[in-house]
Amino acid sequence: MSQDGEPGPATEAFVAHRNLLFTVAYEMLGSAADAEDVLQETWLRWADVEFDTVRDPRAYLVRITTRQALTRLRTLSRRRESYVGSWLPEPLLTTPDVAEDVELAESVSMAMLLVLETLGPTERAVFVLREVFEMGYDEIAEAVDKSPAAVRQIAHRSRAHVAARRPRAAVSPAETRGVLDAFRRAVETGDMQGLLDLLAPDVVFLGDGGGLRQAVPRPVSGAGRVARLLVSRQARIAARSTSPVHVNGHPALVFRLDGEIDTVVAIHVDGGLVTGLYAVRNPEKLTHMRRATTLRR
């Protein structure tokens with residue numbers, strides 16, 4: 001704060017870039033709660049910087065955020081080794097404009113965040129900063145404490161790694177909504193054939209209860225197995241109210257029980273068929289579904 005009570009230039013710079021910094025941290029961590037903690041740590045370090053000496057506040061703030069996220073990511077990697085059942089990213093209720101930025105929406109989708117989980121911490125940081133935020137190699141090098149030449153090599157390796165594993169391109173939001181509506185009707189009515197018509201032969205269902213809520217303990221794959229799983233739970237699903245929302249920039253479903261969010265189901269659609277289903281039930285991961293989060297590149 002300045003002497004007259006107005007925000008100083010350092011505060012204004014942080015506020016102006018806050019949504020960008022959150023998006024960087026979230027894409028690196030897959031956890032909104034941890035991304036918020038990283039932003040708090042970034043602010044504390046930013047507050048100690050002599051603002052007049054900073055040539056590019058955006059780059060400086062991204063550098064601080066990246067370093068803090070890298071430190072936390074290494075801790076999270078150890079924590080996830082003991083996680084109960086499948087681990088899924090923390091879903092975000094997102095504003096409609098996120099879907100309009102196709103590249104941003106793809107980068108924060110559940111499917112892509114799971115691919116990023118297969119990268120090491122530094123590789124993930126380099127990929128996110130280069131491919132999503134289009135930062136230069138020199139800027140990234142300062143953020144990850146590597147030489148520009150090393151960053152180029154890491155970027156090449158991480159790009160190839162992701163390309164080999166990334167989900168097939170998602171269809172338009174309108175087509176996804178159409179598939180999602182049909183999927184919702186089939187699930188609510190226990191329509192086995194309807195589900196089989198919507199599910200890709202190699203569809204994968206992942207559930208995350210974190211040991212706090214019942215969920216499938218391991219991935220379920222194949223249209224027949226996934227359809228049978230959903231039909232077997234039709235009575236429990238029917239007891240919950242269902243509403244369409246935007247999660248991580250894509251159409252999704254929220255199931256509520258007695259007015260409280262019980263499950264968030266994100267889907268990935270390719271060629272008019274559902275190729276991925278991601279059901280998050282861990283209540284500790286549903287807090288960012290209460291109000292929309294603004295993401296920025």
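When reading the values below, keep in mind they use all heavy atoms of this one structure, side chains included, and skip hydrogens, waters and symmetry mates.
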Non-hydrogen atoms of [X] and [Y] that approach each other most closely:
X: Leu61; Y: Ala13; value: CD1-O, 3.9 Å
X: Ala32; Y: Glu90; value: N-OE1, 2.9 Å
X: Leu295; Y: Leu104; value: O-CD2, 4.0 Å
X: Thr275; Y: Val269; value: OG1-N, 4.4 Å
X: His250; Y: Ala105; value: NE2-O, 3.0 Å
X: Ala266; Y: Ala252; value: CA-CB, 4.0 Å

Distance in Å, [X] [atom1] paired with [Y] [atom2], rounded so as to fall on 0.5 Å steps:
X: Thr42; Y: Ile64; atom1: OG1; atom2: CD1; answer: 6.5 Å
X: Lys146; Y: Thr122; atom1: NZ; atom2: OG1; answer: 5.5 Å
X: Leu286; Y: Leu93; atom1: CG; atom2: CG; answer: 11.5 Å
X: Arg256; Y: Ser243; atom1: CZ; atom2: OG; answer: 4.5 Å
X: Tyr60; Y: Thr53; atom1: OH; atom2: OG1; answer: 6.5 Å
X: Leu116; Y: Leu29; atom1: CG; atom2: CG; answer: 11.0 Å

Less than 4.5 Å apart, any side-chain heavy atom of [X] and any of [Y]?
X: Leu92; Y: Val98; result: no
X: Arg228; Y: Arg225; result: yes
X: Gln68; Y: Leu44; result: no
X: Glu12; Y: Val15; result: no
X: Ser86; Y: Pro219; result: yes
X: Gln214; Y: Arg281; result: yes
X: Leu206; Y: Asp208; result: no
X: Glu27; Y: Ser107; result: yes

Query - CG (Asp56) with more than 12 external heavy atoms under 6.0 Å - result: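 Yes, CG of Asp56 has more than 12 neighbouring heavy atoms, counting only those of other groups under 6.0 Å.
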Requested in this report: Check the surroundings of atom CD in Glu36: do more than 12 heavy atoms from other residues, nucleotides or ligands lie under 6.0 Å from it?
Outcome: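 Counting neighbours around CD of Glu36, more than 12 heavy atoms of other residues, nucleotides or ligands fall under 6.0 Å, so yes.
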What about [X] and [Y], same hydrophobic cluster or not, with Ile/Leu/Val/Met/Phe/Trp/Tyr joined at side-chain heavy-atom distances under 4.5 Å?
X: Ile237; Y: Val226; answer: yes
X: Tyr278; Y: Leu229; answer: no
X: Leu113; Y: Val204; answer: no
X: Leu277; Y: Leu180; answer: yes
X: Leu253; Y: Val216; answer: yes

Query - Any donor-acceptor N or O pair under 3.5 Å, side chains His246, Thr94 - result: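 There is no such pair (donor and acceptor under 3.5 Å, judged by atom type) between the side chains of His246 and Thr94.
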Query raised in the report: Do Phe22 and Thr293 pass the side-chain contact (heavy atoms from CB on, under 4.5 Å) test, and can you show the C-alpha distance, the side-chain angles, and the key distance before you say yes or no?
Result: CA-CA 10 Å; Phe22 176 86; Thr293 298; 3.6 Å; yes
Query raised in the report: Cation-pi between Arg124 and Phe127: NZ/CZ under 6.0 Å from ring centre and within 45° of the ring axis?
Result: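 No.
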Whether [X] side chain and [Y] backbone form a donor-acceptor pair below 3.5 Å:
X: Asn248; Y: Pro91; value: no
X: Thr23; Y: Arg297; value: no
X: Thr95; Y: Ala292; value: no
X: Thr118; Y: Leu114; value: no
X: Arg67; Y: Glu142; value: yes
X: Arg184; Y: Thr242; value: yes
X: Arg296; Y: His17; value: no
X: Arg240; Y: Arg236; value: yes

Requested in this report: For a side-chain contact (heavy atoms from CB on, under 4.5 Å) with Ile140, tell me which candidate from Val62, Val151, Thr66 qualifies.
Outcome: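 Per the side-chain contact (heavy atoms from CB on, under 4.5 Å) rule, the option paired with Ile140 is Val151, out of Val62, Val151, Thr66.
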Report task. Could you walk me through whether Val108 and Met112 pass the side-chain contact (heavy atoms from CB on, under 4.5 Å) test, one step at a time? Result -> CA-CA 6 Å; Val108 297; Met112 178 56 79; over 6 Å; no
Requested in this report: Could you give me the CA-CA distance, side-chain angles and deciding distance for Arg18 and Leu21, then say whether side-chain contact (heavy atoms from CB on, under 4.5 Å) is met?
Outcome: CA-CA 5 Å; Arg18 189 189 187 285; Leu21 302 177; 5.5 Å; no
**Report entry** Arg130/Glu123 ion pair, N-O < 4.0 Å
**Finding:**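 Glu123 and Arg130: not salt-bridged.
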Query raised in the report: Are the charged groups of Asp262 and Arg213 less than 4.0 angstrom apart, N to O?
Result: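 Answer for the salt bridge query: yes.
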Report task. Let me know which of Arg165, Arg157, Arg159 forms a side chain to side chain donor-acceptor pair (under 3.5 Å) with His161. Result ->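 So, applying the side chain to side chain donor-acceptor pair (under 3.5 Å) to His161 and each of Arg165, Arg157, Arg159, only Arg165 qualifies.
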Query - Worked check of side-chain contact (heavy atoms from CB on, under 4.5 Å) between Leu230 and Phe183 - result: CA-CA 11 Å; Leu230 293 170; Phe183 172 79; 3.7 Å; yes
Query raised in the report: Phe51 vs Trp46 aromatic rings, parallel, tilted or perpendicular, using cut-offs 30° and 60°?
Result: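 Rings of Phe51 and Trp46: perpendicular, as their planes differ by over 60°.
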